[in-house]
2 protein chains.
Amino acid sequence: MAAKHVKEMEALKEHLGKHQLKLTRQRELILNAFLRQEHITAEAMYHQLAKSDPHLGLATIYRTLNLFCDAGLAQARHFGSQTQYDNIAHKGHHDHLICTGCDKIVEFENCDIERLQEEVATQNGFIIKTHRLELYGLCSRCRH
Amino acid sequence: MAAKHVKEMEALKEHLGKHQLKLTRQRELILNAFLRQEHITAEAMYHQLAKSDPHLGLATIYRTLNLFCDAGLAQARHFGSQTQYDNIAHKGHHDHLICTGCDKIVEFENCDIERLQEEVATQNGFIIKTHRLELYGLCSRCRH
DNA sequence: ATCATTTTGAGACAGCTTATCAATTTCAAT
DNA sequence: ATTGAAATTGATAAGCTGTCTCAAAATGAT
Ligand SMILES: [Mn+2]
Ligand SMILES: [Mn+2]
Ligand SMILES: [Zn+2]
Ligand SMILES: [Zn+2]
């Protein structure tokens with residue numbers, strides 16, 4: 001089988017090189033598992049990986065997912081009580097619609113909103129670095 | 001001096017009446033302190049009120065601020081690690097610009113953004129109940 | 001004034017995440 | 001290939017924020 005996630009692996013290696021960090025078996029393993037998801041919590045990944053690697057520690061998962069955030073591959077989001085690590089490696093920025101009935105998460109992107117956000121910021125003398133937009137409601141199925 | 005926050009006090013009393021809850025010295029005290037703020041954490045209010053009421057418990061502050069949320073006077077927001085209780089008693093809905101340099105928070109409201117949010121939701125079959133929009137960046141002073 | 005019901009305060013507890021640290025692994029320099 | 005300084009790991013302790021517990025106190029309808 002062909003190598004997976006080559007581009008993201010390269011991005012990670014570049015970040016590691018720039019910061020005197022090392023490439024470990026665990027980091028490779030977690031990267032491959034992470035890139036298969038859209039959003040995932042550290043706990044969920046811990047249980048998922050425990051099947052093949054029972055001794056992979058939860059702290060390592062947290063550390064590594066936070067590393068991915070630093071490397072620009074992931075982004076931490078706080079939808080509920082647990083942090084969701086969002087795979088932005090090949091998707092770039094986006095926002096979310098969240099169903100409070102079934103926890104379904106839909107990703108979206110809207111240039112008009114983003115433009116208006118810039119406008120609001122400028123009017124107030126701010127320069128935006130990041131933003132968070134989450135729409136909570138009911139999806140079509142949960143509305144009966 | 002004249003009575004303060006009469007209207008909000010009435011709103012609280014109405015909520016209490018509807019839910020078989022009682023009006024206590026603590027609830028009055030916390031309401032008056034809360035309405036003087038724009039946003040505040042439970043801890044901050046705890047320390048602030050400790051000066052005049054050293055035996056007011058932190059749990060009571062949390063309980064009471066959550067009660068205010070139920071009564072529609074406050075709204076819980078999660079800007080950082082601690083929950084900020086937002087005074088919406090006479091302001092209604094709004095979103096926030098947050099300076100990552102000095103933690104300044106500017107409130108704003110933008111109908112165009114709200115309308116586009118509805119549009120996005122409709123396109124995806126959702127009906128929005130609430131939303132959260134936070135713009136993080138640097139204010140004019142922090143930008144040098 | 002009585003008294004069932006609600007509230008309070010103090011601290012225990014819980015959920016999630018990070019810190020600690022000895023043992024192990026990586027990797028650049030021999 | 002071997003060495004060894006530096007980084008990483010895994011297990012678990014600790015931290016932080018917020019809620020729960022429960023006996024004592026306060027409230028308010030009667
Ligand atoms: Mn996403
Ligand atoms: Mn506000
Ligand atoms: Zn749903
Ligand atoms: Zn600032």
Side-chain angles (χ1 to χ4, degrees), chain A residues 9 12-31 33-34 39-71 74-86 103, chain B residues 9 12-34 39-71 74-86:
Chain A
M9 194 64 205
L12 176 60
K13 279 181 183 165
E14 190 180 321
H15 178 84
L16 296 177
K18 277 185 188 157
H19 296 79
Q20 296 173 284
L21 303 174
K22 295 174 177 176
L23 181 63
T24 63
R25 187 181 65 83
Q26 289 88 339
R27 284 174 178 168
E28 286 193 86
L29 206 68
I30 296 172
L31 180 62
F34 174 67
H39 314 96
I40 194 163
T41 65
E43 284 267 350
M45 179 155 285
Y46 178 60
H47 288 117
Q48 183 178 306
L49 289 176
K51 294 167 193 164
S52 48
D53 252 75
H55 291 292
L56 219 169
L58 180 57
T60 301
I61 309 263
Y62 272 108
R63 280 189 291 237
T64 305
L65 290 173
N66 288 336
L67 168 70
F68 293 169
C69 291
D70 294 342
Q75 203 164 314
R77 308 215 181 240
H78 304 85
F79 294 151
S81 54
Q82 285 187 256
T83 302
Q84 296 273 346
Y85 290 87
D86 192 339
D103 293 324
Chain B
M9 194 63 204
L12 176 60
K13 279 181 183 166
E14 189 180 323
H15 178 84
L16 296 176
K18 278 185 188 159
H19 295 81
Q20 293 172 286
L21 303 174
K22 296 175 174 175
L23 181 63
T24 63
R25 188 180 65 82
Q26 288 88 341
R27 284 174 177 168
E28 287 193 87
L29 207 69
I30 296 171
L31 180 62
N32 280 314
F34 173 68
H39 314 96
I40 193 163
T41 65
E43 284 268 351
M45 179 156 285
Y46 178 61
H47 288 115
Q48 183 178 307
L49 289 177
K51 294 168 193 163
S52 48
D53 251 75
H55 290 293
L56 220 168
L58 180 56
T60 301
I61 309 261
Y62 273 108
R63 281 188 291 236
T64 305
L65 290 173
N66 289 337
L67 168 70
F68 294 169
C69 290
D70 295 342
Q75 201 164 315
R77 308 218 181 237
H78 305 84
F79 293 152
S81 54
Q82 284 187 257
T83 300
Q84 297 273 347
Y85 290 86
D86 193 337

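So that the names make sense, note that chain A is the first sequence line, chain B the second, and so on, each numbered from 1. Not measured: the values here are computed from a predicted model.
- Under the side chain to side chain contact (heavy atoms under 4.5 Å, CB included) rule, A/Y62 has a single partner from A/T60, A/L58, A/T64, A/L65, which is A/L58.
- For the atom pair CE (B/M9) and CD (B/E14), the distance works out to 13.0 Å, reported to the nearest 0.5 Å.
- The side-chain heavy atoms of B/I30 and B/F68, taken from C-beta on, include a pair separated by under 4.5 Å.
- Atom CZ of residue B/R63 and atom CZ of residue B/R27 lie 9.0 Å apart, to the nearest 0.5 angstrom.
- Atom P of nucleotide C/dC27 and atom CG of A/L16 are separated by 9 Å, given to the nearest angstrom.
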Practice task
At under 4.0 Å between heavy atoms, which parts of nucleotides 24-30 of chain D does protein reach? Answer with one letter per nucleotide, 5' to 3': B base, S sugar-phosphate only, - none.
Solution key: ---BS--
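- Distance A/Y85 OH to C/dC16 P: 13 Å, rounded to the nearest Å.
- The distance from atom CD1 of A/I40 to atom P of C/dT17 is 13 Å, rounded to the nearest whole Å.
- B/D70 places its CG atom 12 Å from the P atom of C/dT7, with the value rounded to the nearest Å.
- Per the geometry, CG belonging to A/L65 stands 12 Å off P belonging to D/dT9, to the nearest Å.
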Practice task
At under 4.0 Å between heavy atoms, which parts of nucleotides 11-17 of chain D does protein reach? Answer with one letter per nucleotide, 5' to 3': B base, S sugar-phosphate only, - none.
Solution key: BB----S
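- With A/D53 as reference, A/R25 is the one residue of A/Q26, A/R25, A/Q48 to meet the side-chain hydrogen bond (donor to acceptor under 3.5 Å, both in side chains) rule.
- Across the protein-nucleic acid pair, A/I61 atom CD1 and D/dT8 atom C1' stand 14 Å apart, rounded to whole Å.
- For B/N66, a side-chain nitrogen or oxygen approaches OP1 or OP2 of D/dT19 to under 4.0 Å.
- The structure places CG of B/L67 at 6.0 Å from CG of B/L16, a figure rounded to the nearest 0.5 Å.
- Rounded to a whole Å, the NZ atom of B/K18 is 20 Å from the C1' atom of C/dT6.
- Separating the CG atom in A/L49 from the CG atom in A/L29 is a distance of 5.5 Å, to the nearest 0.5 Å.
- Residue A/L31 holds its CG atom at 10.5 Å from NZ of A/K13, rounded to the nearest 0.5 Å.
- Atom-to-atom, CZ of A/R27 to C1' of D/dT8 comes out at 6 Å; the value is rounded to the nearest Å.
- Dashed line: the shortest gap from a side-chain N or O of B/T60 to OP1 or OP2 of C/dT8 is not under 4.0 Å.
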Sequence neighbours excluded and cut-off under 3.5 Å, please list the side-chain donor-acceptor pairs for residues 76-85 of chain A, or say none.
{"from": "A/R77", "atom 1": "NE", "to": "A/D86", "atom 2": "OD2", "distance (Å)": "2.9"}
{"from": "A/R77", "atom 1": "NH2", "to": "A/H94", "atom 2": "O", "distance (Å)": "3.1"}
{"from": "A/Y85", "atom 1": "OH", "to": "A/N66", "atom 2": "OD1", "distance (Å)": "2.9"}

